[in-house]
There are 2 protein chains.
Amino acid sequence: MRAVTLEDIAGIVGVSAKTVSRVVNKDPHVSPATRQRISDAIEQAGYRPNLAARSLATARSNLIGIFVPPAGSHFFSELVRSAMRACREHGYNLALEEFDGRRESAADTYRRGLRQQRCDGVILPPVAGDDMDLLDLLDQDGVRYVRISPAAQLHRSLSINADHARGTAAVAEHFWANGHRRFGLVAANPGVASGRIRRESFIGALMSRGIGLEAIEIVEFDSLVDQWGGTDWSLIDLGRLGGRRLLDTEAPPTAIFTYNDELAAGVVAEAQALGISVPRDLSVAGFDDSDAARLCSPALTTARQPIADIAAMAVAALAGEPQMPYQAISCPVSLVVRQSTATAPMSGF
Amino acid sequence: MRAVTLEDIAGIVGVSAKTVSRVVNKDPHVSPATRQRISDAIEQAGYRPNLAARSLATARSNLIGIFVPPAGSHFFSELVRSAMRACREHGYNLALEEFDGRRESAADTYRRGLRQQRCDGVILPPVAGDDMDLLDLLDQDGVRYVRISPAAQLHRSLSINADHARGTAAVAEHFWANGHRRFGLVAANPGVASGRIRRESFIGALMSRGIGLEAIEIVEFDSLVDQWGGTDWSLIDLGRLGGRRLLDTEAPPTAIFTYNDELAAGVVAEAQALGISVPRDLSVAGFDDSDAARLCSPALTTARQPIADIAAMAVAALAGEPQMPYQAISCPVSLVVRQSTATAPMSGF
DNA sequence: ACAATGAATGTCAGCGCTGACATGATCAGT
DNA sequence: ACTGATCATGTCAGCGCTGACATTCATTGT
């Protein structure tokens, strides 16, 4: 019971295999009548193109690779899901590559895995996209790639950047509008582009409102890791640590912004442990609108990246015939207000 | 800059392409000396087999398909992640197919999508594995499949079954031992085998302790989806809805078991919103030991399936040359006790 | 009426690999 | 030394498709 081939259809209809191929590939140079007969025969015989043969003939794999971290975060599961959908629409397949930056470089991971697959394009989310060896390798192999919110050599490739700056500023303004005047920030390592941008934007937005630096207490992510000691921390644990550092002071902030939702959830948990009510005494906002934001109680005010759009654009750029010029595409980040933020308490005075 | 081919390596070493192919495919009939020279040349020239050509020649795609639901639960992200790893180890690729049973039958989804890919094998997690049309189609196409915890025609294929019954019974007994006597259950569609089994096991275990049906309030998953209206629900949202239905009553249960952790987290959130303290006034237990279980505060008591093992076995069965005989493999499920369950409150009397 | 155009369709090699089979070399047993 | 078995290696077609190019035929302008 062999599978149906182009040749079979050609035989049925009485044309050459090439003409059938034309119909399958939507080549316009086929007469409507012939096209119809061929389409019918394809339908009737249940013909399905052999992708391997096509790949071999065209020297394209119709595969798009994507690097994903070993631990499943909201951002990545959403990204993969959306990318998969987009790939299907473009007739591509998505190949996942698990990448643990703590064990191996992105370039090595690529060498070991995805490279065998001869992807036509690769999507490089944060961290993987900042490995210059990997980019060199990709260039050398002639594999196109799109980076998502990269941190280094921004001019080097097409990149899709969530507008972390504006999203962060929106959070700052939301705090300000609610009367907050003393702030805390749990900031990520400035080596991560999004971390640096969010930090600077938060501070910048507040300063432009007249807030002085002395009213913004900053806790560094790295210092929390150091404080924790071991390697078995979770983001929530670090968030608790950060929350304690910010809240267990003379004049604690009334509003805290963190690099992501998991950290924010930790801050909330710690505040509650200290008898500080959220949002009555303290407002907390995170970033990403992840599951953690909804699981947290009260639910977190947060900033949401349009992950599905980002994935769709990345795939489109890779799948599209015309090589898109190198450029940086920006995506809006929107503020999602939930119950973890409210009007500043009066009690301060 | 053409890619390196078998022929190129053959030319360098001075043997035929076939011999190189033998080395690549670990055919034992190659002399150690030749093998070594060829291996060196492959290494040196950076040869990588063309998977498409191989597929075409062998009529095998080296692809394993898997059906995943549109909303990302822990179970499925873990399953996909583990299956992906296992596939890599066996030299296979994993093709995801998003399947929404509420929109389309699994068979139709397969026709539209995965079928084009000509997978060598398909992994059918719950729901998809219970669509007999799909199984017929797969048999007809000569595509092997493994079902995970199927609900129907259990004899029909190799299946891997987590012991949901025993895991669920363990939860019920844990509740009972803590003095609970009024129960709530957020149950999945009985069409889903694991859903039906968990429902029946929970009820059965309680009844065998002398609990009457009137003391077990059941909320159906599907009815929650209907109640929600739109399609933009998350499991947590539905859990909250379910929690409200169970708790906002005359004689609310003191212990609630849900189909999975995300739902349980929703129940906890809703309970807290209603001013009900977990676990003082209410014990809640989920299933899966997902991230949600640890993010939730208090952390959830839950039952853990060995998802990685399940995925690895499924892939091994599909990738292994010798067709494994039809059989049902059983995997243990273990109870993980955390802070969301405790002794029943006295207040009832 | 005839060349020039262009649209519809066909021919064919070859993408890189492997399966089936053929060949030649080596070796044990008589 | 000769036979037959065993092992190492080679030959070659063909998997199903598409790109480059060739051919056929109807249409148009002059």
Side-chain angles (χ1 to χ4, degrees), chain A residues 1-39 41-42 45-63 91 93 115-118 120 141-142 321, chain B residues 1-39 41-42 45-63 91 93 115-118 120 141-142 321:
Chain A
M1 202 187 71
R2 245 180 63 268
V4 185
T5 71
L6 276 187
E7 210 74 46
D8 297 335
I9 303 294
I12 294 172
V13 181
V15 294
S16 75
K18 181 67 211 190
T19 302
V20 180
S21 165
R22 289 198 175 95
V23 171
V24 171
N25 293 293
K26 309 207 195 318
D27 184 314
H29 296 295
V30 178
S31 75
T34 312
R35 178 184 304 281
Q36 188 58 50
R37 282 190 302 142
I38 293 176
S39 299
I42 286 176
Y47 167 75
R48 282 167 297 135
N50 182 320
L51 268 23
R54 182 181 285 172
S55 280
L56 183 58
T58 57
R60 302 192 311 117
S61 64
N62 276 26
L63 250 190
N93 243 63
R115 199 181 197 192
Q116 316 290 328
Q117 311 292 142
R118 298 169 186 249
D120 294 333
D141 283 358
E321 260 317 308
Chain B
M1 198 188 75
R2 241 181 66 270
V4 185
T5 70
L6 277 186
E7 211 74 46
D8 298 335
I9 302 294
I12 296 172
V13 180
V15 294
S16 74
K18 181 66 207 188
T19 302
V20 181
S21 164
R22 288 197 176 95
V23 171
V24 172
N25 292 292
K26 309 206 194 319
D27 184 315
H29 296 294
V30 179
S31 74
T34 313
R35 177 185 306 282
Q36 189 57 52
R37 281 191 301 144
I38 292 176
S39 299
I42 285 177
Y47 166 76
R48 283 167 298 136
N50 182 320
L51 269 21
R54 181 180 286 173
S55 279
L56 184 57
T58 58
R60 303 191 311 118
S61 64
N62 277 23
L63 251 190
N93 243 62
R115 199 182 198 190
Q116 317 290 327
Q117 310 293 140
R118 299 172 186 245
D120 295 333
D141 284 358
E321 261 317 309

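The figures that follow rest on heavy atoms only: side chains count, while hydrogens, waters and symmetry mates do not.
- Rounded to whole Å, atom P of C:dA8 lies 13 Å from atom CD1 of A:I38.
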Query raised in the report: Just by protein heavy atoms under 4.0 Å, how would nucleotides 10-25 of chain C read 5' to 3' in B, S and -?
Result: BB---BBBBB------
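- Nearest heavy atom pair, residue B:A53 against residue A:L56, reads CB-CD1, 3.6 Å.
- Here the side chains of B:T19 and B:R35 are not in contact, with every heavy-atom distance at 4.5 Å or above.
- Among all heavy-atom pairs drawn from A:V24 and A:P49, the shortest one is CG1-CG, 4.4 Å.
- Summarising the geometry, atom CZ belonging to B:R37 is positioned 7.5 Å from atom OG belonging to B:S31; distances are rounded to the nearest 0.5 Å.
- For residues 4-13 of chain A, every residue pair satisfying the salt bridge (charged side-chain N to carboxylate O under 4.0 Å, His left out) rule, not counting sequence neighbours, is listed here: A:R2-A:D8.
- With axes fitted over five pairs at each extremity, the angle between the ends of the helix from C:dA1-D:dT30 to C:dT30-D:dA1 is 30° (10° resolution).
- Summarising the geometry, atom CZ belonging to B:R118 is positioned 7.5 Å from atom CG belonging to A:L51; distances are rounded to the nearest 0.5 Å.
- Across all strands shown, A:S55 has no heavy atoms under 4.0 Å from either base or sugar-phosphate atoms.
- Between the side chain of B:N25 and the backbone N or O of B:D27 there is no donor-acceptor pair closer than 3.5 Å.
- Under the side chain to side chain contact (heavy atoms under 4.5 Å, CB included) rule, A:L6 has a single partner from A:V20, A:I42, A:V23, which is A:V20.
- For D:dC7, the OP1/OP2 oxygens have no side-chain nitrogen or oxygen of B:H29 closer than 4.0 Å.
- Of the side-chain N and O atoms in B:S31, none sit less than 4.0 angstrom from OP1 or OP2 of D:dC7.
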